[in-house]
A.B. asks: 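Submitted below is the structure of interest, expressed as structure tokens.
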Amino acid sequence: MIATHPEVDTILSVPPAPRTHVTIRGLTKSFAGAPLYTNFNLDLPRGKIVSIFGPNGCGKSTLMNMVAGLIPLDAGEILFDGKSLADTTIGYVFQNYRDALFPWLSAYDNIAYPLRRGGMKEAEVKARVDELIALFEIRFDLKRYPYELSGGQQQTVCIMRALAPRPEVMFLDEPFSALDFEMTLFIREKLQEAHQATGVTMVIVSHDLEDAVFLADQILLLTRRPTRIAEIVPFDLPRPRTPESVSDPRFVSVKARTLEVFRREMAA
Ligand SMILES: Nc1ncnc2c1ncn2[C@@H]1O[C@H](COP(=O)(O)OP(=O)(O)O)[C@@H](O)[C@H]1O
Ligand SMILES: [Mg+2]
């Protein structure tokens, strides 16, 4: 391809890093004339968990929603293994589980929804939901409706629904923000197990420092808007991480480093 357009030149001049899954090039987005992202480039590694952390309103949700195809870009290109979003299976867990499930469907039917919509036969649907029930060690009755479930159970159903079609990439916007601490520990553990069992690439937005660090292979720290990458902090503490991991010196040091960058950006 011959690059004739300046934007294409930018796109081609940043080759993806090895083992890259999602390639974001030249991403540009404004709201009401105010730039949020200008020529933003990012690689998301395959099979890893990346947490997005940054000040309130810096564009964490917008970035994830653009990558997931929920919000249009003004300019730029996002590829999944060189493919477009249309050729990629993704999963998405919305920020507010209370509004995310279909209230007129049972928990089971919510989880089965994307499978049936994809034309899967009922026997295969059941087999897939059974796999997820085993993976998540579900003990509550999935015939119940969302309003009959606790918040944590509803969030578990949201995550099972997102995982049901075996996504290549799973997006989670503030998955812990409406959970109490006990449920946060449970969902952390389940997400980690699902990640280890499937190798799905995960992107998690969090405004809580400990949540952002706990599951991450990388913490992507964003600046205030117009938003740039402040720093990408790697975190290679072995898995499975446990509730005790938060007092591991490596955890403490990555958290401190992340806080330091965050503070620097707030002062800038
Ligand atoms: N639909 C929209 N219309 C106008 N401004 C928006 C819209 N969505 C987001 N914004 C603005 O873009 C910025 C980033 O929002 P968001 O991605 O939700 O931030 P975060 O998730 O980091 O808190 C904020 O300043 C927000 O007000
Ligand atoms: Mg947000």
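Atoms within each ligand, like the ligands themselves, are counted from 1 in listed order. FYI, the numbering just counts along the sequence from 1.
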A.B. asks: What is the nearest protein non-hydrogen atom to atom 3 (N) of ligand 1, stated with its residue, atom name and distance?
C.D. replies: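 The closest heavy atom on the protein side is F31 CD2, 3.5 Å.
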A.B. asks: In the hydrophobic cluster built from side-chain contacts under 4.5 Å, what are the other members alongside Y147?
C.D. replies: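 Result for Y147 is Y145.
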A.B. asks: Any idea which of S61, A32, S30, A34 brings a heavy atom closest to atom 21 (O) of ligand 1?
C.D. replies: S61
A.B. asks: Which option wins on minimum heavy-atom distance to atom 20 (P) of ligand 1: K60, H207, K29?
C.D. replies: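 Going through K60, H207, K29 one by one, K60 has the nearest heavy atom to atom 20 (P) of ligand 1.
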A.B. asks: Can you find an N or O of G57 that's nearer than 3.5 Å to an N or O of ligand 1?
C.D. replies: yes
A.B. asks: Report the distance from atom CD of Q153 to atom OG1 of T156, rounding to the nearest 0.5 Å.
C.D. replies: 7.0 Å
A.B. asks: Could you state the interatomic distance from CD1 (I187) to CD (E182), rounded to the nearest 0.5 Å?
C.D. replies: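 Nearest 0.5 Å value for the CD1-CD distance: 11.5 Å.
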A.B. asks: Please check atom 27 (O) of ligand 1 for a protein heavy-atom neighbour under 4.0 Å.
C.D. replies: no
A.B. asks: Any carboxylate oxygen within less than 4.0 angstrom of a Lys/Arg side-chain nitrogen, looking at E193 and R188?
C.D. replies: no
A.B. asks: Within the structure, is a non-hydrogen atom of R225 found at a distance of less than 4.0 Å from ligand 1?
C.D. replies: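 The answer is yes: ligand 1 sits under 4.0 Å from a heavy atom of R225.
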A.B. asks: In sequence, state the C-alpha distance, the side-chain angles, and the governing distance for R46 and V22, and then conclude on side-chain contact (heavy atoms from CB on, under 4.5 Å).
C.D. replies: CA-CA 8 Å; R46 163 174 295 287; V22 185; over 6 Å; no
A.B. asks: Can you list the atoms of ligand 1 that are under 4.0 Å from a heavy atom of T62?
C.D. replies: 9 (C), 14 (C), 15 (O), 16 (P), 17 (O)
A.B. asks: Side chains of S61 and D173: any donor to acceptor distance under 3.5 Å?
C.D. replies: yes
A.B. asks: Flag the pair E260 and K255 as a salt bridge only when some basic side-chain nitrogen lies within less than 4.0 angstrom of an acidic carboxylate oxygen.
C.D. replies: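 So E260 does not pair with K255 through a salt bridge.
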A.B. asks: Short question: side chain of Q154, backbone of P146 - any donor-acceptor pair under 3.5 Å?
C.D. replies: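 At least one qualifying donor-acceptor pair exists.
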A.B. asks: Quick one about Y92 and N65 (side-chain donor to acceptor, distance below 3.5 Å, no hydrogens or angles considered), yes or no?
C.D. replies: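 Indeed, the side chains of N65 and Y92 share at least one donor-acceptor pair under 3.5 Å.
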A.B. asks: So is L36 polar-close to ligand 1, meaning N/O to N/O under 3.5 Å?
C.D. replies: no
A.B. asks: Under 2.8 Å from the Mg ion (ligand 2), which protein N/O/S atoms are there?
C.D. replies: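 Listed by chain and number, the nearby protein N, O or S atoms are S61 OG.
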A.B. asks: Report, in ascending order of atom number, the atoms of ligand 1 lying under 4.0 Å from any heavy atom of C58.
C.D. replies: 19 (O), 22 (O)
A.B. asks: I need the R25 CZ to L79 CG distance, nearest 0.5 Å.
C.D. replies: 9.0 Å
